[in-house]
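Heads up, the thing below is written out as structure tokens.
Basis for what follows: all heavy atoms, side chains included, without hydrogens, waters or symmetry-related copies.
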Amino acid sequence: MTEIADWLKLAEKFADDGDAQAMLGAAEEILEIDKNCAEGYAVTAEANLYLGEIATAENFLEKTFALDKNNLRGRLVQGGIAAEKFQLLEEFKIFDAVINDAKKLANNFFAQKILYKALTWSVNGLYLAGNAKAAAENLREASTLTNNIERAAELYSKHLFFRNYFETDSAAIKNFAQDYNKFFANIQPCAPEKFSHSKIKIGYISPDFRKHAVANFVSPLLNNFDTEKFSVTCYSTGKSDGVTQKIKNKKIFWRDLYNVAAAEIAKIIRADEIDILVDLSGHSQNSCLPVLAYKPAPVQICALGYTATTGLNAVDYFLSDTICNAENFTEKILKLEGCQFCYAPLNKFPAVKHKKNNFVTFGSFNNFAKVTDKVLTCWKEILDGVPDSKLVIKNKICSVEDGRKILLDRLQKINFPVEKVELRPYSKNYLEQYNEIDIALDTFPYNGGLTTCEALFMGVPVVTLKGNFHGAKIGASILTAANLPELIAQDSQDYIKKAVELGRQKLFKDYQKNLREKISQSALTDAQNYMLALEKIYCEIIK
């Protein structure tokens, strides 16, 4: 049995390394020793799951359960297969049971490895289903179960990102964020002295110079800067695509650093003698904060891609504005007089051709994880207040059968008039579908960003609720810059009132006529003045 245990440990190592073929080899060795070893068949099933061979994995699970009907690893793989098939309800049921049983075996090495996998594998499904709180907790716990410090930091960073969907106490967010520093305790930040250059060297680092929401706000940074005073370098850490090619231009230096280690990227930035390094990702997916932890530039800023404090000591400033008025941040706050975002859409927008109906259509195309029960309750009251109205909810959860069941169950629990709701799956022509929407309803407390801008550009007024922390004021900041302050609500009752008035009095028709033109001439899209204000800040902090 000791020999089998050794092969099982080796199989776990291969799994950690992402080497499924080697894992299969280890499983074969186990079954050579004992052809009736359930764990050997379970390891084979797990390796085939990694290889995308679902049918083969299922066949080996049958052999596993014939020998051990409660095999923990086999049940884990069952959950993984359910996740691959987007069978959310089955996935949650399996992973919950595996997690509970694995925790009972706290001193068992293999049980703890399975616990780690169940916690991390469950996250995407939970997030898709709108349960960001459970996803965040699983990520936090998983971060304590791996000895790989880089992986632990990645998991904890993702946990912080998900907290934005439900945490409303900015002080609490700050406290959790500050714990992120412990993952870099062995790093000796080596901030260079301020350089003396003829031009101020600005570096923008992001994994999202590609088809991503952030890409719709970076064009002013790369196209409208003062070339007499500034030099700009982009450090792209993500995959390149067609959008990447659109973003590149002759004014900027470009470094493709996809799959390059954080320490190496930091060395490159330091060698480039960047004066101000601006991170555009924060704690979002594939975060660049591990690079900033090395302090490769004398001044470091977080901007655009994240709405809360990073908590990282190596980040000096956070870009906000006078509307959002960020508080409880570890960074010093830089406040733009206008909106912290300048919208420069990459998409080619379809023509605004709103259909004429005898009913009012409200809509939300926001990420469903932002839709809280309080938001749903407000939407119910809005529909109750506007006769002959309906609500279109369009997002990825509506693309999945179990997702639709989860959403409808939430609606029914609050007596929502489900007959007035249309669930639409995600589609590439989503912009065109705004022509069927009369009024967009923003989410709260975590507001939409790009979603709000796109709706406005399609001639659809957006009602937002201004909250009491940075991420809850993004909608108010965007609408203020768009010269639409009348669409900003101060509390939930005001939110309902504004939406009902727009619907009952058909006021949305006034917006449909010229909203795109109005947005195009507003501060929200004024790249020249946006950059003048931002570059003034750059000059002040580099002194």
Side-chain angles (χ1 to χ4, degrees), residues 119-120 123 132-191 205-207 262-263 265-266 276-321 324-335 340 445-446 467-474 541:
L119 289 167
T120 54
V123 166
K133 191 169 188 177
E137 179 53 32
N138 284 4
L139 286 163
R140 185 204 61 77
E141 186 173 356
S143 73
T144 68
L145 296 174
T146 175
N147 293 323
N148 184 326
I149 196 70
E150 291 181 0
R151 178 61 173 151
E154 179 186 351
L155 293 169
Y156 193 82
S157 178
K158 197 170 182 179
H159 150 256
L160 291 174
F161 178 77
F162 283 158
R163 291 197 75 88
N164 292 293
Y165 288 92
F166 62 89
E167 182 65 76
T168 59
D169 184 343
S170 59
I173 292 175
K174 177 182 177 181
N175 289 337
F176 279 103
Q178 286 178 302
D179 285 342
Y180 183 61
N181 287 287
K182 66 186 178 185
F183 299 103
F184 307 100
N186 294 327
I187 289 178
Q188 295 297 324
C190 186
I205 183 168
S206 175
I265 296 174
I276 301 175
L277 180 63
V278 185
D279 166 58
L280 304 176
S281 65
H283 286 292
S284 59
Q285 189 74 22
N286 301 316
S287 170
C288 294
L289 290 177
V291 176
L292 274 69
Y294 287 90
K295 194 68 174 178
V299 178
Q300 301 193 147
I301 303 172
C302 181
L304 302 187
Y306 193 58
T307 62
T309 181
T310 66
L312 187 63
N313 294 337
V315 181
D316 305 296
Y317 298 97
F318 189 96
L319 183 65
S320 182
D321 57 47
C324 289
N325 196 25
E327 296 177 344
N328 280 320
F329 278 53
T330 58
E331 304 89 353
K332 295 177 182 176
I333 303 302
L334 303 172
K335 293 183 183 180
Q340 65 202 267
Y446 195 177
N468 58 5
F469 60 96
H470 187 271
K473 301 176 186 177
I474 295 294
I541 62 177

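Counting heavy-atom neighbours within 6.0 Å of Lys182 NZ, excluding the residue itself, gives a total above 12.
Val291 has its side chain out of reach of Asp279: every pair of non-hydrogen atoms, C-beta onward, lies at least 4.5 Å apart. Between Gln300 and Tyr317, every side-chain heavy-atom pair lies at or beyond the 4.5 Å cut-off. Contact check for Asn164 versus Tyr306: side-chain heavy atoms found under the 4.5 Å cut-off. Inter-residue side-chain proximity for Lys174 and Gln178 is flagged as met; some heavy-atom pair is nearer than 4.5 Å. Ile301 has its side chain within reach of Ile541: a pair of non-hydrogen atoms, C-beta onward, lies under 4.5 Å apart. Using a 4.5 Å heavy-atom threshold, the side chains of Gln340 and Ile474 count as touching. For the pair Ile205/Ile265, a side-chain contact is recorded, criterion being any heavy-atom separation below 4.5 Å from C-beta on. Side-chain contact check for Lys295 versus Asp316: some heavy-atom pair is nearer than 4.5 Å.
Put simply, the side chain of Thr309 gets close to the backbone of Thr330: a donor and an acceptor are under 3.5 Å apart. Counting only distance, with no hydrogens or angles, the side chain of Ser143 and the backbone of Leu155 share no donor-acceptor pair below 3.5 Å. His470 places no side-chain N or O within 3.5 Å of a backbone atom of Glu327 that could act as its donor or acceptor partner. Without hydrogens or angle criteria, Ser287 side chain to Gly282 main chain gives a donor-acceptor distance under 3.5 Å.
Of all heavy-atom pairs spanning Ala308 and Phe329, the tightest one is C-CE2, 3.5 Å. Annotation for Ile187 and Ala293: closest pair CG2-O, 3.9 Å, computed over non-hydrogen atoms. Summarising the geometry of Ala303 relative to Val278, their closest heavy-atom pair is CB-CG1, 3.9 Å, with the distance given to 0.1 Å. Listed here is the closest heavy atom pair of Ala266 and Tyr294: CB-CB, 3.6 Å. Taking both residues in full, the closest heavy atoms of Tyr180 and Ser157 are given as CE1-CB, 3.8 Å, listed atom of the first, atom of the second, then distance.
With sequence neighbours left out, Glu167 forms a salt bridge (charged side-chain N to carboxylate O under 4.0 Å, His left out) with Arg163. With sequence neighbours excluded, the residues forming a side-chain contact (heavy atoms from CB on, under 4.5 Å) with Ala171 are Asp169, Asn328, listed by chain and number. For Ser284, the side chain to side chain donor-acceptor pair (under 3.5 Å) test picks out no residue, with sequence neighbours left out.
Taken to the nearest 0.5 Å, the CD1 atom of Ile173 stands 7.5 Å off from the OG1 atom of Thr168. The distance from atom CG of Leu319 to atom CD1 of Ile333, rounded to the nearest 0.5 Å, is 9.0 Å. One distance of note links CZ of Phe184 with CG of Leu312; it measures 6.0 Å at 0.5 Å rounding. The CZ atom of Arg151 lies 6.0 Å from the OG1 atom of Thr120; values are rounded to the nearest 0.5 Å. From Asn147, atom CG reaches atom CD1 of Ile149 across 9.0 Å, with rounding to the nearest 0.5 Å. Annotation: the span from Leu119 atom CG to Arg140 atom CZ amounts to 9.5 Å, rounded to 0.5 Å.
A centroid separation of 6.0 Å or more is found between the aromatic rings of His159 and Phe162.
Ring geometry for Phe161 against Tyr165 counts as perpendicular: the plane angle is over 60°, on a 0 to 90° scale with 30° as the lower cut.
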